[in-house]
Each structure stands twice: as C-alpha cells, then as structure tokens.
Protein chains: 2
Amino acid sequence: MNYSLVPESEIKSRIEKLQMQLQKKGIDSALIIQHVDLFYYSGTMQNAMMVIPATGEAILFVKKSLERAKRETMIETLPMPSLKQFPDQLMERGIYLQKMGLELDVLPYGQYARIQKVFAATELVDISPIIRAQRSVKSPYEIELIRQSAKVAYEAILEVPKILKPNMREIDFVAEIEKFVRLRGHIGNMRLRAFNQELFLGMVVSGEAAAKPTGFDGPAGGEGLSPAMPQGAGWKVIRENEPILIDIAVAVNGYIVDQSRIAVIGELEPQLEEAYQVALSIIKETEKNARPGTLWSEHYLHAVKMAEEVGLKDYFMGFKQDQAKFLGHGVGIELDELPVLAKGLDQPLEVGMVIAIEPKFTFPGKGVVGIENTYVVTENGLQALSYAPEEIIRIK
Amino acid sequence: MNYSLVPESEIKSRIEKLQMQLQKKGIDSALIIQHVDLFYYSGTMQNAMMVIPATGEAILFVKKSLERAKRETMIETLPMPSLKQFPDQLMERGIYLQKMGLELDVLPYGQYARIQKVFAATELVDISPIIRAQRSVKSPYEIELIRQSAKVAYEAILEVPKILKPNMREIDFVAEIEKFVRLRGHIGNMRLRAFNQELFLGMVVSGEAAAKPTGFDGPAGGEGLSPAMPQGAGWKVIRENEPILIDIAVAVNGYIVDQSRIAVIGELEPQLEEAYQVALSIIKETEKNARPGTLWSEHYLHAVKMAEEVGLKDYFMGFKQDQAKFLGHGVGIELDELPVLAKGLDQPLEVGMVIAIEPKFTFPGKGVVGIENTYVVTENGLQALSYAPEEIIRIK
C-alpha cells in the first residue's frame, strides 16, 4: 500500500462534467466547500474552498495546508483570502457571479449566512442534487478503488472462523475485525452525507441485540456501548445458536464497499434459516432485474412483495415501526450516496452506479439475518464488487 | 462495563439551565436537532427533534427509534409528526413560538429552509452560542465520565513499550492502540462540531510524517493513508531516534479525554529534547496560571511569548504558515468544545470547564514534540484529568 494521488484525468473529467451541468442550469459558478466534494473535484482534502466556473479553470483557495494541496492537486491553488475579500478576488480573475451554486444540503446555516452577506448581489442556489447525481455514477478508476475495499472486506470474512469464539463480547469480536481492516488500509472514518447520521465500521452485532432498533437509518441496529453510542457492537456476549451479523463498510483510499454476512456458532433455528434463504432469493432476484433504465423504486417494491408473499413483511429491513424504507443505497466516498432503492424514487438506474443491496430480516428477541453486497450497474445488469462467500459462516 | 443511562437529575438540570438562558434572551423555545445536543439534553441519541420551551416541559419527537428513546429518557416522547404538522402539534400543547432558537452553527441550510417554511410566522434565532457556553461547563457526573476515558488513555500509554517496535508501520502501531481502547469502551467515532473537520482516534505519527501539515485545525499532522485520509497514521515505518507522537482522544460513554505523549526508540536529538522541555514548562506554567476569571486568550499569548523567548515561535503549534492558532480547546462530547485558548477570545475561564492543553513544536523533516493533558478548571486552578506519566517514553 502507498499514498497514491488521484489521477489528473479523473479530476479533469469530473470538473468538466460539473461544468456541463452548470452551463445547462445557467449557474455561473460552483463554490465547493464540503470536504468530501472538495476531495472529489480537486483530489485533495484540505481546509479549502473551490471555485468551479461554468467555463474556464477551477481554483482551489486553501486555508490549510496550502503546501499539501499543491502537492496533491493539479488545480491552481491560492491562499484563501478573507471571506470579505473573496468576491473581489474572484472578479479580478474574471469570475463573475450572478448565480452561484452551493452544497445547500450539507452547508451549515451559519456558514451560508456569512457567504450570503459577502455575495449580496449573487443568487445562491442548491447544486447538491447535481453533485450527488454526478457522484452516483462511478468511473472505472473509482470502481477499481471499491474493488480494493472489497478485497479487504472479503479477507475479513475469511478471518471470521479464526476470530469468533463463543462467549466473547461483541466488542471483542469487532475490535479484531477493525484492526484487521485498518492494517489493510481502511481509513477508519465512515463518511455520511446525512446530518446526524454516523457509523463506526458497521453493525457487528448478535442475537437479540442486533434486533434492537436504533436511530440509524438502516435495517440492523445493535445495543451499542452506551446511550452515547447506541448502535453497533456492545458489551453483549455472543452465544451459540444465535445469528451474528457482520455488516461492515470498508473504505480503502476513501472508497467504501458495504458487505454483510451472517455467522453462527452452532445452528440457527429454522425460522431464521428460512428467512436467510428469502433474503438470498431477494438479492438474486434484484441482481437479475436491476438493469440500466429500471427504476430505483421498483426493486424495493418487488423485494417488499417477495417478503410479503412468505409472510415476512413485518420483519423486512427492521421490525414494524422501526423498518428502514429502502432495499439499497449508493456507496462511494460516502456511505449514503445515490441511488436509493426506495418507494417514490422513480429515477432510472444508470451504468456505473454503485449500490449496496441489503435485504435483511429482523426478529425481535432473536436477531437479524440477511445479506448485503455492493454492485456496479453494467449494461448487462448488476455485477458484484463484493465477493465474500455467501453461505452462512458456520462455526462448530 | 455496561450500558448506563444518563441520570435523570443531569437531564433535568441541563434543561433548566437552558430554559433560564432562553427566558433571559426572550426566546420562546429551543428546537434541538443535532444528535450530540439531543443526547446532552435528553440522554438518548435517536433520530428525533426536541422542543424545550422557555417554561414548562420538554418534548422529544422521535422518528426512530421511539421504543429506544422511551427506554433511555425520562423526557416525554412522542412520534415525530410530519414537519408540516409540527407547528399545529406544538400549538395544541400550548407551545407558541414567536421566537424559536435553533443550532444554526451546525444545522444544514436545507433543513433550516424547510423549518423556516413551516414556521413562517416564527422568528428563528441562533442558540448555538448559548448551548456551547452551557456545555463548556461540566457537571461532576460529566467529569467522572471524562475520568473514565482518562483511565483508558493512561492504560494505553502504559501499553506503548509492549507494542512499539522499530520498523513497524505507523498503521501497525495505531491499530494496536485502537484495539486496546475499543476493548475498554472507546466509542470509536470522534465527534467534532466544526463543519468538515474529522479525526480518527488522534494523531499517532512519527518523525517527518508527524510534521507534515494537514487540513486539520491542530498542531500535528501526519501523512495519513491516502489523499482521502490525509492526516494521522500512515504507511510510514517508525524508525529509531525519531519522535513518535501519541496524541489520542479516547471517548468512553461519549466523553472525550485528549492526551498526547512522546515516545522514542533510542534517543532524540538535543534540539527536540529541549523543545520537549519547553513544551513541559509551558504546560506547567499554564497549569499554574489558568485560574477561574483569567482570560482564554492570555494563556495562549503567554505560551507564544514563552516559545518566542527561546527562539521557537516559528515551530510552535505547527510550522510557520501551517500553525494552529490556539493552545487548548474544550473537550466533552465533542472534541472542539469551548473554551478555546486563542488570541482574541477574551472570555474568562469558569469553574467546571474542561480543557485539553497541548503545547507542541513542529520541526519539518524531523517531527513533532510536545505534551497534552485534559484539565478541569477548579477554584484552585487546573486539575489534571489525564494522568499518564509525562516523561518521554524511552524504548531501548
């Protein structure tokens, strides 16, 4: 492993694609501030603001560290002026701003208000839908990075039989997995775009604890360590004959793969075995159906129908009132990218979209079973990027 | 370790203190949305919104999980209505809102705009300064939780001689520390209030890599693993006779202690040894001076003066243009709480404030040396909460 820079051709093509959208919408310039988007469009993740005019060269204004930004991006870098001097400095460079695009889905109100004040004559519009749509379609370079994460997630699953022992605590189990993936380049932080949502590695949880609902917008929960971290692995001891969910998101080079597998020490009761088979059949059906042009929503609705047909609707993606209302979500540099396979989202799948699909069933008092793979949409349908064996990991 | 709920008396007292401030400022109600503030005022961290009227009972409106919220808080919980129905539902309960306080420092603009639309007749004001000021002063219960984190940070430092070997990579070293603190209840996620800032455990970095500047607003940097995680531990091999910075933030039960120590395999060159002694003398001087009523700024200015007197001003808290402009920062549930010991911040220290003080020196090409402890302000001055031995950890 080494510290590899983002290729210039990637950055150039990303900026050009955004510029085309800006031109189409009559937006003079984008002002990129969120660190993940900054990384996406510049290749460096410094304390900075990036101006991408609809035509012409982008500029990265860097507060800290300018030296590092210069090393990591081919974009022109300049020291960040005070916000007050910012409009003048842009005008001096021939960048006029009647209509400027901001990431209004994530930009804090306070920061927005300060920008609005100095750009008083500029109309500020939300370009987060444009950015999110662009980022949802991955380049071959990005897909290759997700494959690197998938390799680590695969190797982690192969480790499970060596690590997992009856009567170890969830935290003992997950700490070993965390160490394993860190040594192979997992960056640690899991980036989510949604306000207030956070995740640490994933949901490595067992038995009834896995079925405990949380504030996290996902199908599995977990008891967690304390009310200050009320999700994921906790102090619970892992026992025999209960389902152990190993839902881990691994990000090497920043790009996330999301993968879930089930393990058991001993045997699962028939109801859980059967539900796991239903989850498998849902994911296989989705693999078959999710071709370019099919709607995000239809795959969710079809999965719900399949669950309903076998009497498992109430258990699908969480239990009753705590159900997550989706079947899959885009992954990339953030865990909650587009597309979202959910009711009402009637946009078409496009070639290059990367989606984590995760049919799961929650049985209160018993646990969670299901599966999750990360796929890329190709001309021929879904191609799996995650590739750990899909059978239940059975430890005797 | 177990899953301990926040005592009711804590929640009650926190809400009362906020209500006093709301009354003082003529604000009818606070609408708390950020998950950390939600945890602080309710004791549970669910997907929810909390209404705290200036007088009367608070209500927690919960989207997910209502069941879990009910188990974890004594505040009245209700299912979250649609945003559109929200004003009516508040009116039905006798809560009128001419002036409502929001966390405008962190609330995304998009969410603000949706709230503004449904509360069209309500004046929305920023209560983040009130919240941050309140949270900066810790209760004995909160200080006890920080002590629990300090114990783990102490034990981690005692482990260092067992873990640290020449020619191991930074990532190998930090992965062992991460596992060690996780097994003792570290929650993993490090919460920061500032937009775009993130930290994973801390800065466990060595030699010239430690001196590499980053976008993080702190004195130490690190090469990191990739441009997508351009700070902290990286692939660099730890060599003999270079300073190894072990700057770790540990959060058990959500409450953070921040502590830095220096290790070396072999010997440090005299310049670095001397700079470490200067850092020690700065922290000892601050311990002595930082009594209640002294100004946040004066301790920073005094530290800069001490560094200047020995010719180390350019190396203090980062090198030249990449210097961090503070000596210390509040810690609690977030790593970047108040107070901030920095120029221009002329507020007085108060009893109960908890501050991480971290004089450090950066030598490009060589590394970072310095020390950091977390303290509580008492009537008699600073009392250390972190308590790992302060000598350089020397491994032969």
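The model shown is predicted, which means the values in this text are computed figures rather than measured ones. In what follows, chains carry the letters A, B, and so on, assigned in the order in which the sequence lines appear, proteins first and then strands, with residues in each chain numbered from 1.
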Indicate the atoms forming the closest heavy-atom contact of [X] with [Y], along with that distance.
X: B/L225; Y: A/I187; answer: CD1-CA, 3.9 Å
X: A/L183; Y: B/I171; answer: CD2-O, 3.9 Å
X: A/A228; Y: B/N253; answer: CB-O, 3.5 Å
X: B/N196; Y: A/H35; answer: OD1-N, 2.6 Å
X: A/P227; Y: B/E72; answer: CB-OE1, 4.0 Å
X: A/P213; Y: B/E67; answer: CG-OE1, 3.8 Å

Which distance, rounded to the nearest 0.5 Å, do you find between the [atom1] of [X] and the [atom2] of [Y]?
X: A/M190; Y: B/F200; atom1: CE; atom2: CZ; answer: 9.0 Å
X: B/Y3; Y: A/K236; atom1: OH; atom2: NZ; answer: 15.5 Å
X: B/R182; Y: A/L201; atom1: CZ; atom2: CG; answer: 8.0 Å
X: A/N47; Y: B/Q197; atom1: CG; atom2: CD; answer: 6.0 Å
X: A/S226; Y: B/Y255; atom1: OG; atom2: OH; answer: 10.0 Å

| So among B/D126, B/L104, B/L102, B/D105, which one has a side chain to side chain contact (heavy atoms under 4.5 Å, CB included) with A/Y109? |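 The option that passes is B/L104.
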Under 4.5 Å, counting heavy-atom pairs only, tell me which of [options] racks up the most with chain B.
options: A/D217, A/I33, A/I333; result: A/I33
options: A/G254, A/A175, A/A48; result: A/A175
options: A/M45, A/R169, A/R191; result: A/R191

Can you tell which of [options] has the highest number of heavy-atom pairs within less than 4.5 Å of chain A?
options: B/E223, B/K63, B/Q111, B/E103; value: B/E223
options: B/G188, B/G110, B/G43; value: B/G188
options: B/V36, B/V6, B/D172, B/L66; value: B/D172
options: B/R71, B/E198, B/Q321, B/K212; value: B/E198
options: B/V174, B/L38, B/N189; value: B/N189

Side chain, backbone, both or neither: which part of [X] has a non-hydrogen atom closer than 4.5 Å to chain A?
X: B/S4; answer: backbone
X: B/V252; answer: neither
X: B/R184; answer: backbone
X: B/E178; answer: side chain

| said: Has B/K179 got a side-chain atom pairing as donor or acceptor with A/E176's backbone, closer than 3.5 angstrom? | reply: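 No: the side chain of B/K179 does not pair with the backbone of A/E176.
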| Where the side chain of A/R68 meets the backbone of B/T214, is there a donor-acceptor pair that is under 3.5 Å apart? |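 Flag not set: sc A/R68 to bb B/T214 has no pair under 3.5 Å.
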| With sequence neighbours excluded, what pairs up with B/F180 under the ring-ring contact (aromatic ring centres under 6.0 Å, His included) test? |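 Here no residue qualifies.
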| query | Quick one: side-chain contact (heavy atoms from CB on, under 4.5 Å) partners of A/A69, sequence neighbours excluded? | reply |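 With neighbours one apart ignored, the set is A/T44, A/Q46, A/L60, A/V62, A/T77.
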| field | More than 12 heavy atoms of other groups within 6.0 Å of A/E159 CD | value |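 Counting neighbours around CD of A/E159, more than 12 heavy atoms of other residues, nucleotides or ligands fall under 6.0 Å, so yes.
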